[in-house]
Engineer: 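I am attaching a structure below and will ask some questions about it afterwards.
First the proteins, then the strands, lettered A, B, ... as listed; each starts at 1.
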There are 2 protein chains.
Amino acid sequence: MTDLTSLPPLPDDERVLLLLGLLTSQERHGYEINDFIERQLGCVIDLKKATAYQLLDRLEQHALIASHTVQHGARPTRKVYRLTEEGHAHFLKLLAAQLRHEEILIVPGSVSIMFCEHLPAAERLTALRERLTKLEARVAIQERLLELPELTGGVKLSTARILALTRADLEWLRGWVGELERGEVVP
Amino acid sequence: MTDLTSLPPLPDDERVLLLLGLLTSQERHGYEINDFIERQLGCVIDLKKATAYQLLDRLEQHALIASHTVQHGARPTRKVYRLTEEGHAHFLKLLAAQLRHEEILIVPGSVSIMFCEHLPAAERLTALRERLTKLEARVAIQERLLELPELTGGVKLSTARILALTRADLEWLRGWVGELERGEVVP
DNA sequence: TCTTGAATAGTCAAATTTAACTAATTACAA
DNA sequence: TTGTAATTAGTTAAATTTGACTATTCAAGA
């Protein structure tokens with residue numbers, strides 16, 4: 001058996017939890033996993049193909065998943081992954097830990113807000129109105145997404161969370177732009 | 001003059017905007033910049049010391065900032081940075097672009113929510129209550145932070161945004177835990 | 001039937017990011 | 001006065017991440 005201590009360590013993060021989780025319900029091949037992440041989880045997590053493949057390799061080295069290759073017609077061979085018993089145990093441990101865990105929310109877009117006073121009032125207002133419009137569109141998209149029937153329970157739940165956050169961002173921005181329009185904040 | 005085209009390109013992101021922005025009001029040395037980020041911007045952006053130094057070097061190579069060294073007693077020499085004219089122009093351009101810009105909110109903590117059904121109902125509820133408690137504490141911290149007088153206008157504004165988002169997360173989680181407690185969701 | 005685009009399955013060089021380290025000075029409590 | 005922690009100012013080796021690339025197959029329209 002391979003010496004686990006000499007292996008590059010596994011990060012204890014959401015990405016590992018995601019990959020293990022996707023394999024609990026069924027075996028999947030690499031392309032399938034990446035496709036699911038791209039199509040269904042665009043709002044939930046940012047995980048690129050190359051990173052996923054690298055993590056899958058590492059999970060296999062740690063024996064949390066196992067793979068076998070499958071040929072389909074003349075297609076390139078697929079590497080199909082399944083969860084091992086250790087993998088399933090690890091998944092449950094990670095899941096409990098991360099569900100319990102709470103972390104500071106760091107979201108993009110705050111630095112420009114922080115320095116917005118450096119922009120002339122008119123230009124500032126124009127820019128913020130544009131951001132507002134885009135944000136409204138984003139909320140509309142996510143609302144429609146949530147109605148799609150192909151969203152399974154869990155994905156729906158986490159999408160609902162993101163929507164709640166995005167709506168809050170919208171409300172906050174609306175309020176601020178309103179103040180600016182009524183001239184309440186301009187010095 | 002150095003050939004800018006052969007230089008490693010500058011990312012157009014929040015970090016660059018932040019460093020330039022911190023130098024608009026005053027000259028600052030490296031330590032001062034990193035100290036400010038750590039103390040005041042912990043909620044706003046995640047930028048580590050080493051990354052900041054690397055970006056400062058690059059900004060200087062691109063002539064957006066200039067530096068000179070200063071000796072204070074027997075202390076290690078400080079490298080003091082100031083914004084150049086090009087730097088100021090670039091700052092305003094970046095600022096307008098980023099204020100206008102809207103980006104999907106990807107926040108940590110959603111993957112465990114997505115898979116929470118895999119946990120026995122009792123354990124799930126315990127874990128979520130723990131997360132709720134921590135989240136309440138986080139909101140309390142941020143509310144107190146917002147009252148501190150040393151927060152300047154801009155920092156206050158962006159902190160208020162984060163607080164709005166964190167509160168939304170809290171409300172969402174409260175609602176969900178409530179449903180679970182009343183047994184509305186358990187299958 | 002020919003072309004175009006999507007599906008399929010990755011790999012790899014290059015850029016980015018950070019944890020850990022170095023090293024001197026000063027302030028302060030014990 | 002002695003130890004300890006904070007201030008000061010970075011550097012670097014190592015890990016992580018990703019954009020760009022390679023190739024083949026299949027489906028469907030022109």
Side-chain angles (χ1 to χ4, degrees), chain A residues 5-19 22-23 27-42 45-62 65 67-82 106 108, chain B residues 5-19 22-23 27-42 45-62 65 67-82 106 108:
Chain A
T5 60
S6 71
L7 254 44
L10 268 180
D12 265 5
D13 65 6
E14 292 205 308
R15 301 156 162 218
V16 169
L17 184 65
L18 175 62
L19 294 177
L22 287 177
L23 296 172
E27 296 191 345
R28 296 177 196 253
H29 54 99
Y31 188 84
E32 205 180 343
I33 291 173
N34 281 301
D35 195 56
F36 184 87
I37 292 173
E38 257 183 53
R39 285 179 199 280
Q40 310 258 331
L41 303 183
I45 195 169
D46 180 36
L47 174 60
K48 301 289 155 51
K49 213 157 46 118
T51 311
Y53 278 118
Q54 177 257 34
L55 281 177
L56 285 170
D57 279 352
R58 204 174 289 189
L59 287 172
E60 190 169 14
Q61 282 169 30
H62 284 260
I65 63 179
S67 72
H68 66 277
T69 57
V70 172
Q71 196 76 36
H72 250 260
R75 293 292 184 82
T77 60
R78 295 174 172 175
K79 205 166 173 184
V80 177
Y81 297 96
R82 67 173 178 80
I106 302 262
Chain B
T5 60
S6 70
L7 254 45
L10 268 179
D12 266 4
D13 65 6
E14 292 204 307
R15 301 157 162 218
V16 169
L17 183 66
L18 175 62
L19 294 177
L22 288 178
L23 295 172
E27 297 190 347
R28 295 175 197 254
H29 53 99
Y31 189 83
E32 205 180 344
I33 291 173
N34 281 301
D35 195 57
F36 185 85
I37 293 172
E38 256 183 54
R39 286 180 198 279
Q40 310 258 331
L41 304 183
I45 196 169
D46 180 35
L47 175 61
K48 300 289 155 52
K49 212 155 46 117
T51 311
Y53 278 118
Q54 177 256 35
L55 281 177
L56 285 170
D57 279 352
R58 205 174 290 189
L59 287 172
E60 190 170 15
Q61 283 169 31
H62 283 261
I65 63 178
S67 72
H68 66 278
T69 56
V70 171
Q71 196 78 36
H72 252 258
R75 292 293 184 81
T77 60
R78 296 174 172 175
K79 206 166 173 183
V80 177
Y81 297 97
R82 66 174 180 79
I106 305 259

Engineer: Heavy atoms, side chains only, cut-off 4.5 Å: are A:Pro108 and B:Asp13 in contact?
Structural biologist: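 Result no, sub-4.5 Å side-chain heavy-atom pair not found.
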Engineer: Given atom CG of B:Asp57 and atom P of D:dT12, what is their separation to the nearest angstrom?
Structural biologist: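 Atom CG in B:Asp57 sits about 11 Å away from atom P in D:dT12.
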Engineer: Can you tell if the side chain of B:His29 reaches within under 4.5 Å of the side chain of B:Val70, non-hydrogen atoms only?
Structural biologist: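 A side-chain contact is absent here, since even the closest heavy-atom pair is not under 4.5 Å.
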Engineer: Can you list, by residue number, the residues of residues 31-41 of chain B that have a non-hydrogen atom closer than 4.0 angstrom to DNA chain C?
Structural biologist: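 The stretch gives none, as no residue of it lies under 4.0 Å from the strand.
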Engineer: Minimum heavy-atom separation for A:Tyr53 and A:Tyr31, please, with both atom names.
Structural biologist: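 In terms of heavy atoms, the two residues are closest at OH-N, 3.7 Å.
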Engineer: What residues form a side-chain hydrogen bond (donor to acceptor under 3.5 Å, both in side chains) with A:Asp35, not counting sequence neighbours?
Structural biologist: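 Once residues adjacent in sequence are excluded, the partners of A:Asp35 under the side-chain hydrogen bond (donor to acceptor under 3.5 Å, both in side chains) criterion are A:Arg39.
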Engineer: Can you tell me how far C1' of D:dT11 sits from OH of B:Tyr53, to the nearest Å?
Structural biologist: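 After rounding, the reported distance stands at 10 Å.
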Engineer: Rounded to whole angstroms, how far apart are NE2 on A:His29 and P on C:dA7?
Structural biologist: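 Atom-to-atom, A:His29 to C:dA7, this comes out as 12 Å.
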Engineer: How long is the straight-line distance from CD of A:Glu27 back to NE2 of A:His68, given to the nearest 0.5 Å?
Structural biologist: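 The CD atom of A:Glu27 is 5.0 Å from NE2 of A:His68, to the nearest 0.5 Å.
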Engineer: Under 4.5 Å between any side-chain heavy atoms of B:Leu41 and B:Leu47, yes or no?
Structural biologist: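 Side-chain contact under 4.5 Å: no.
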Engineer: Shorter than 3.5 Å, N or O on both sides, protein versus nucleotides 16-19 of chain D: list them out with atom names.
Structural biologist:
{"unit_1": "D:dT16", "atom_1": "OP2", "unit_2": "A:Arg58", "atom_2": "NH1", "d": "3.3"}
{"unit_1": "D:dT16", "atom_1": "OP2", "unit_2": "A:Arg58", "atom_2": "NH2", "d": "3.1"}
{"unit_1": "D:dT18", "atom_1": "OP2", "unit_2": "A:Thr51", "atom_2": "OG1", "d": "2.9"}

Engineer: Just so I know, are the side chains of A:Lys79 and A:Asp57 near enough to count as touching, which here means a heavy-atom distance under 4.5 Å?
Structural biologist: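 Yes - at least one pair of side-chain heavy atoms lies under 4.5 Å apart.
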Engineer: Where the side chain of A:Arg15 meets the backbone of A:Leu55, is there a donor-acceptor pair that is under 3.5 Å apart?
Structural biologist: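 A pair under 3.5 Å: no.
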